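Computed from a prediction, not measured in an experiment: that's the story for all the values here. Chain A is the first sequence line, chain B the second, and so forth, proteins listed ahead of strands; every chain is numbered from 1.
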Amino acid sequence: MFPYPSGAGLHVGHPLGYIASDVYARYKRLCGFNVLHPMGYDSFGLPAEQYAIQTGQHPAVTTKTNIEGGTDKDGNVIPGYRNQLDKIGFSFDWDREVRTSEPNYYKWTQWIFKQIFNSWYNNESDKAEKIDTLIEKFKTEGNTTVKAATDFEDSFSAADWNSWSEEEQQAMLLNYRLAYLSDTWVNWCPALGTVLANDEIKNGVSERGGHPVEQKLMRQWSMRITAYAERLLKDLDTVDWTDSIKEIQKNWIGKSQGAAVFFDVDGFEDKIEVFTTRPDTIYGVSFMVLAPEHELVSKITTADQKDKIEAYQKAAAAKSERDRMSDVKTISGEFTGAYAIHPFSGEKVPVWIGDYVLATYGTGAVMSVPCGDQRDWDFANHFKIDIPNIFKDVDISEGAYAEKDAVITNSDFLNDLKVKKATKLAIYEIEQKGFGKGKTQYKLRNAVFSRQRYWGEPFPVYYKGDTPYVLDNNDVVELPEVDKYLPTEDGDPPLARANKDAWNVDCPGDRMEFNTMPGWAGSSWYFLRYMDPTNENEFVAKDKVNYWQNVDLYIGGAEHATGHLLYSRFWTKFLYDLDYIPFEEPFKKMINQGMIQGNSALVYRIGLGVLSTNKNNQIDLKSLPNLFISKDLKKRLENEDLEANILVDKKIREINSRIKEANPNVNGEVTTTSRKYIPFRHSDINFLEGDILDIEKFKNWRTEYNNSEFLTEENGDFIVGREIDKMSKSKYNVQTPDDLVEKYGADTLRCYEMFLGPLEQHKPWDVQGITGVHGFLKKLWRLFHNDEALDISDAEPTKEELKSLHKTIKKIKEDIERYSFNTPVSTFMICVNELTSLKCNKRAILSDLCIILSPFAPHIAEELWNKLGNTESITYAVFPEHNEEYLTEANHKYPVSFNGKMRFMLELPKAMGKADIEATVMANEQTAKYLDGKTPKKVIVVPNKIVNFVI
RNA sequence: GCUCGAGUGGUGGAAUUGGUAGACACGCAAGACUUAAAAUCUUGUGUCCAUUAGGACGUGCGGGUUCAAGUCCCGCCUCGAGUACCA
């Protein structure tokens, strides 16, 4: 549990997952487990900073208020997350609370950053190692024997390395460090004034705020997550997560296997490297396409094509990511005039540029096989390029054939082979002849790790010239005070505003790092800190992390699939590699709770206008009241109902005469501007009793509604329309847990949120049903009481009472263990209904009932537990075991079916054998009736299940 | 477009392994108590036909497997989520 503490506070959707995990935690405690059930806050982030820019208030102040309660600058009361949570009765261990924005927490986020900075990824041992081991290798062997995760492709010798200056060596190391500074194409969001990671962009705009994003080459910190691509993919098999989240991560990592192939360029020394997943189709290549940004483009372009190519490059650069995405259908490109040499056939193939080839994926160049790839086919078709067919008996006149079941032809040594074999052979030949090699490519990009913002972790980094160094002590670098939370005039991030003495550390270099870390830094490892939240010497003590291990049950939203969940897996693997923690995956079992949707109320309005021939002294439009109409009346109007129309006309005449009375000299007539166009207003959930609007409250809500007119139903009720929406302040459909706790109690809220439906499912909030759960708790109370007084019997429970209790114990245990939190509430209701009709007030029964109910309704369970004479809290009780003896029955009620249709029930002894059952049922008079004299073709008897006759 | 998930009464949902579809609630209707309201309790409530007895239909649509399908298989429709020229 790790919410972002926003100023809006909690609505009923937020606690859903917390309630479920609290039920689980309390249940496991009753079963004798030591349960770590913590809560903390992911308290760095954009909203607090945006608010700070607007109001000048320090984000630390507003964040504290959001958590602990208080008032904002305008005097509005902020309830505070903690206060709201406390009302619901969670069994969180508050001693373990962490906040990412507290120096004693981000000290360790900075520490982890330093470890990542001081590490490289050894592809040979397939794990991260300390950078010292790499430096040692460079000193003695250069980089030729090193197999490391890096984008650096040239080689250098030990002599080279040793001859380099400190600055040059550090620059080289950045190519290998797992946290590194480099000039990369980043997603720049001008509106937010910062770069964003790929997962922070949805549909081409920023996830927060929906601002446009552009590509920009900037010197930024990145995390070499791509080094872990294969492990992040492979280890998905070891965790118990939903298929959909695993699928999203798989797609995001985007592994594809194929070959890297080099094509010579006619007349140049340079080669074009391409990546292909279909090396088997290499004889189908009839042209090549480079991304417009490809480095070779300007070099190989012939003089007569130069103008066209440059114009195209310019146009492509001007296109935003979004334009490019929305414009997938248009085919565009330009011929460079240059030719590449096909490695096998030696034929000349034209080299084009086109923006369908992305500079950021693979090598930024493709070998185009128009017969096998639809994009290549479209391109070839558009520019009238040759489309050679290399598939036997396949028609490619209408489009490419991308299926992998064809037989290859016209392909020399690959002829008559199927795709799989041809691919293998092609890679073999490519490697043999030195044209390239087999290669695995990932979509996953290295993650940009710096943000040009104030409210985030400062880097423990300083610069000497342009060379970054990490501070070599463990002191926290605290966020310095600044005069404004905005970039400087020179475009530097807000931290550049901090004076040298505003920093709590002495900068050993020229300056400190001005960027801050992204939101996912602190949230990538918080679960580890929960194990040891106050440790001043380590991020987590080894014995603690060895004891608690990884998270058993993680309940959170599915929206973190490509962000938080990927990054924390990455950091966990890194910390595992360096032997700081004993596990490779942070979260064993994950449940993604569904969204609780708002149920917006709509108040329909008829537009009013003024009809007048004279513009002088006309009725003031602003004096017209709002005319609202009830839902059913609106329906009738839409159906051209005459009576409804008369009602509206009458109302308008009333309004008209009232205005004229008040001001006799005005001219014009009030009229409806449109009877069909009926706009609406979302109505505040607090003004409603069911679907009935409290008209007086609504009128007083806003001054512009004070003189509103309402057309109600015949019984005087004003009915609102309904629409299912996201719960949000702007839609006036927010239900706070506080109101419900006030009205019904925390136990009712807890049980009701669970009762609403399966945890994973999205479901609309409907407060009406809450009375059912509330009634159940009252009924439970009455089991223990006669009128006001406690009335408990110490008599021996009956068989029936024991059966009711024990089947409930069994079901509750089973349900909780399969994470079904809605069905136990029904089960409790059934049990209480049964015990009520049995008039059971036996201590032996009710005592156990209290215990099994306590995870769901801890307050009432504790109170009744105490009333039963227990002095210790119910928290320390033991979850009872069910006794199978009480559940076994002598008889089973058989449904007897004829041709699969159930006709009647017949109760027979459980022990009765197949043959006896058949004989008994055959002898039954009802059977005779349904057989109607016929002999059944077949009789199916499944003991203790069913009997079915086939006639 | 591709990938994944989901479609059950008026509503939220239950049916865990193919074995009585609609548990438990809400809502609605009728009744009891009450001057009245609230609270509480009782009864009914998938649709259609039938006075009753009973019958037919019924888990998005069309087909299939099976003695038996909400559940398994094939094809389609709708909604939701992710992704977006990934070579």
Would you list the protein and nucleotides 10-13 of chain B atom pairs, both N or O, that sit under 3.5 Å from each other?
| unit_1 | atom_1 | unit_2 | atom_2 | d |
| --- | --- | --- | --- | --- |
| B/G12 | O2' | A/Leu756 | O | 2.5 |
| B/G13 | OP1 | A/Gln761 | OE1 | 3.0 |
| B/G13 | O3' | A/Asn822 | ND2 | 3.4 |

Original post:
So what does A/Arg782 touch, heavy atoms closer than 4.0 Å: a base, only the sugar-phosphate, or nothing?
Top reply: sugar-phosphate
Original post:
Is it true that the side chains of A/Lys779 and A/Asn833 contain a donor and an acceptor less than 3.5 Å apart?
Top reply: yes
Subject >> Protein-nucleotide distance (A/Phe904, atom CZ; B/A53, atom C1'), rounded to Å >> reply: 17 Å
Subject >> Selection from B/G5, B/U16, B/C86 that lies nearest to any side-chain heavy atom of A/Arg375 >> reply: B/C86
Original post:
Does A/Glu834 have any side chain to side chain contact (heavy atoms under 4.5 Å, CB included) partners at least two apart in sequence or in another chain, and if so, which?
Top reply: A/Ser804, A/Lys807, A/Ile830
Subject >> Among A/Val832, A/Leu780, A/Thr808, side-chain contact (heavy atoms from CB on, under 4.5 Å) partner for A/Leu853 >> reply: A/Leu780
Subject >> Spacing between A/Lys938 atom NZ and B/U66 atom P, to the nearest angstrom >> reply: 10 Å
Original post:
Can B/G9 be described as syn, meaning its chi torsion is within 90° of 0, or is it anti?
Top reply: syn
Subject >> Residue met sooner reading RNA chain B from 5', once A/Glu814 and A/Gly769 are mapped to nucleotides >> reply: A/Glu814
Original post:
What is the distance from OH of A/Tyr930 to P of B/G55, rounded to the nearest Å?
Top reply: 4 Å
**OP:** For A/Lys811, report the nucleic acid contact type (base, sugar-phosphate, nothing); a contact means any heavy atom under 4.0 Å.
**Re:** base
Original post:
Do the rings of A/Phe828 and A/Phe776 sit parallel, tilted or perpendicular, given the 30° and 60° boundaries?
Top reply: parallel
**OP:** Describe the nucleic acid contact of A/Phe287 in one word from base, sugar-phosphate, nothing, applying a heavy-atom distance below 4.0 Å.
**Re:** nothing
Subject >> Contact summary for A/Thr423 and A/Pro279, nearest pair of heavy atoms >> reply: CG2-CG, 3.7 Å
**OP:** Take atom CG of A/Asn899 and atom P of B/A68, then tell me their distance rounded to the nearest Å.
**Re:** 8 Å
Original post:
A/Asp199 and A/Gly563: which non-hydrogen atoms are nearest, and at how many Å?
Top reply: OD2-CA, 3.5 Å
